[in-house]
Amino acid sequence: MSDQIIGLHHWFESPPGQYLLAWEQARFDEAVADIFGYHSLQLGLPMVDGLRANRMPHQWLAQGHEGVARVWAGHAGHRPDSSSPPGPGSGGPPGLPEAGPAAGDRFADLLAESVALPFPEASLDLLVLPHTLELSIDPHATLREVERVLVPEGRVVISGLNPASLWGLRQRRARLVRHLGKGSLYLPDGGEFIGYRRLRDWLRLLSFEVESAQFGCYRPAVRTAGWLERFGWMDTLGEKWWPIFGSAYFLVAVKRVHGMRLMEPAWRTARQRGTATVPIANRAGVTTAPVPAQPHNSHRGSALQPRARGKNHHRDTV
């Protein structure tokens, strides 16, 4: 694992690596600028300052022993004063990352593995993972640790290499040719590249909701800066015509926690209704006795009695 991490760090100093870092640095600056809180942490890859544009008062950079050993070896054990956590502007002048030793001037504030973070549960508001899952010994355990230390509604920002891209295709072809003893790999052989959809499924299992996702770096897998500049027009066309086939992806996920309803004390019940009686109209129908049936020879079927005849009424004729 140490050789894989060092190999990836060396690759980021090449023209394709600088092209990728420039794109990722711009995405990190846009994503974390409006995320508020108190505590934020970046896991690994000091060449990109994922918290540079963030305004949280407490920011830390954590690395494993491999990354710290590389930085200390490159500076012959000289460590500047790091009493204050890295903030915006630390680790070099603002702008795109530069190749060479200047890109690794940032020193880790703590030594920690991504699978066992020294933070209590629900203590961090923001975590930045630049290619951390690809270099982790157990990506599943790393995500579980991220879910544990994040507060509810906290955010994790992840960047990685997309296997379904021109760079990924060349990497797979180079591995097949390498078995025959020919050719060399284009990307460093460090860890397993995790696709975007696969990572999205992992996050959903841990109750994360993907808030935004972007793809980038559509230029072909060439090694020189000149050829990368010639294919610069592919970035514009790629975003429009084949957006999910970029060489790198970038996503922001939010930790969701299902809400609950607290049971209030018995004396905090709702306001009692008034005890005064309220008249209510009775809409029930009134039942009456059934009317007896009249004989068939009754006068027009009427139940009324005939009127009494007067004295002057003529007699009936026989």
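In this chain, numbering begins with 1 at the start of the sequence shown. Worth saying up front: this structure is predicted, and the values here are computed from it rather than measured.
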Which atoms form the tightest heavy-atom contact between [X] and [Y], and what is the distance?
X    : Y    : value
D125 : Y38  : OD2-N, 2.9 Å
A31  : V252 : CB-CG2, 4.0 Å
Q59  : D109 : O-OD2, 4.5 Å
L166 : P220 : CD1-CA, 4.0 Å
N54  : V32  : ND2-O, 2.7 Å
A248 : E24  : CB-OE2, 4.5 Å

Residue pairs, two or more places apart or on separate chains, that pass salt bridge (Lys or Arg N to Asp or Glu O under 4.0 Å) and touch residues 211-224
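Sorted pair list: R155-E211, R219-D235.
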
What's the spacing between [X] [atom1] and [Y] [atom2] if we round to 0.5 Å?
X    : Y    : atom1 : atom2 : value
S40  : I35  : OG    : CD1   : 9.5 Å
E134 : L161 : CD    : CG    : 4.5 Å
L228 : Q18  : CG    : CD    : 11.0 Å
I158 : W202 : CD1   : CH2   : 10.5 Å
L20  : F12  : CG    : CZ    : 5.0 Å
S207 : L150 : OG    : CG    : 12.5 Å

same_hphob_cluster([X], [Y]) at 4.5 Å side-chain heavy-atom cutoff:
X    : Y    : value
V146 : V257 : no
V254 : M56  : no
L185 : I194 : no
L205 : V210 : no
V151 : L51  : no

E145 vs L43, side-chain contact (heavy atoms from CB on, under 4.5 Å): CA-CA, chis, key distance, verdict
CA-CA 12 Å; E145 276 294 283; L43 293 176; over 6 Å; no

In sequence, state the C-alpha distance, the side-chain angles, and the governing distance for L127 and L117, and then conclude on side-chain contact (heavy atoms from CB on, under 4.5 Å).
CA-CA 12 Å; L127 265 81; L117 298 176; 4.2 Å; yes

Any residue meeting side-chain hydrogen bond (donor to acceptor under 3.5 Å, both in side chains) with R198, in chain and number order, not counting sequence neighbours
E192

With sequence neighbours excluded, tell me which residues meet side-chain hydrogen bond (donor to acceptor under 3.5 Å, both in side chains) with E229.
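side-chain hydrogen bond (donor to acceptor under 3.5 Å, both in side chains) check on E229 returns nothing, list empty.
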
Neighbour count above 12 (heavy atom, 6.0 Å) for W227 CH2
no

Taking C-beta and beyond as the side chain, do [X] and [Y] meet within less than 4.5 Å on heavy atoms?
X    : Y    : result
Y19  : V222 : no
R27  : D29  : no
P243 : F215 : no
Q214 : L251 : no
V128 : V48  : no
F119 : L110 : yes
Q63  : L111 : no
L187 : R170 : no

Run the side-chain contact (heavy atoms from CB on, under 4.5 Å) test on L176 and R173 for me, step by step, so that the C-alpha distance in whole Å, both residues' side-chain angles and the decisive distance to 0.1 Å come before the verdict.
CA-CA 5 Å; L176 294 176; R173 185 182 67 86; 5.6 Å; no

Verify side-chain contact (heavy atoms from CB on, under 4.5 Å) between L133 and L129, making sure each step is shown before the conclusion.
CA-CA 7 Å; L133 298 179; L129 277 64; 4.0 Å; yes

Without hydrogens or angle criteria, can the side chains of S136 and T142 be said to hold a donor-acceptor pair below 3.5 Å?
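Judged by distance alone, the side chains do pair up.
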
Return yes if some donor-acceptor pair links the side-chain N/O of [X] with the main-chain N/O of [Y] below 3.5 Å, else return no.
X    : Y    : result
Q42  : G44  : yes
N162 : G168 : no
W167 : A164 : no
K255 : E147 : yes
Q25  : G50  : no
Y186 : L169 : no

What do you reckon, are the aromatic ring centroids of [X] and [Y] less than 6.0 Å apart?
X    : Y    : answer
F231 : Y218 : no
H131 : F193 : no
F28  : F250 : yes

Mind telling me whether W60 and H58 have parallel, tilted or perpendicular rings, with 30° and 60° as the class edges?
parallel

Under 4.0 Å between a side-chain nitrogen and a carboxylate oxygen: does that hold for R256 and E209?
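Here R256 pairs with E209 in a salt bridge, since their nearest N and O are under 4.0 Å apart.
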
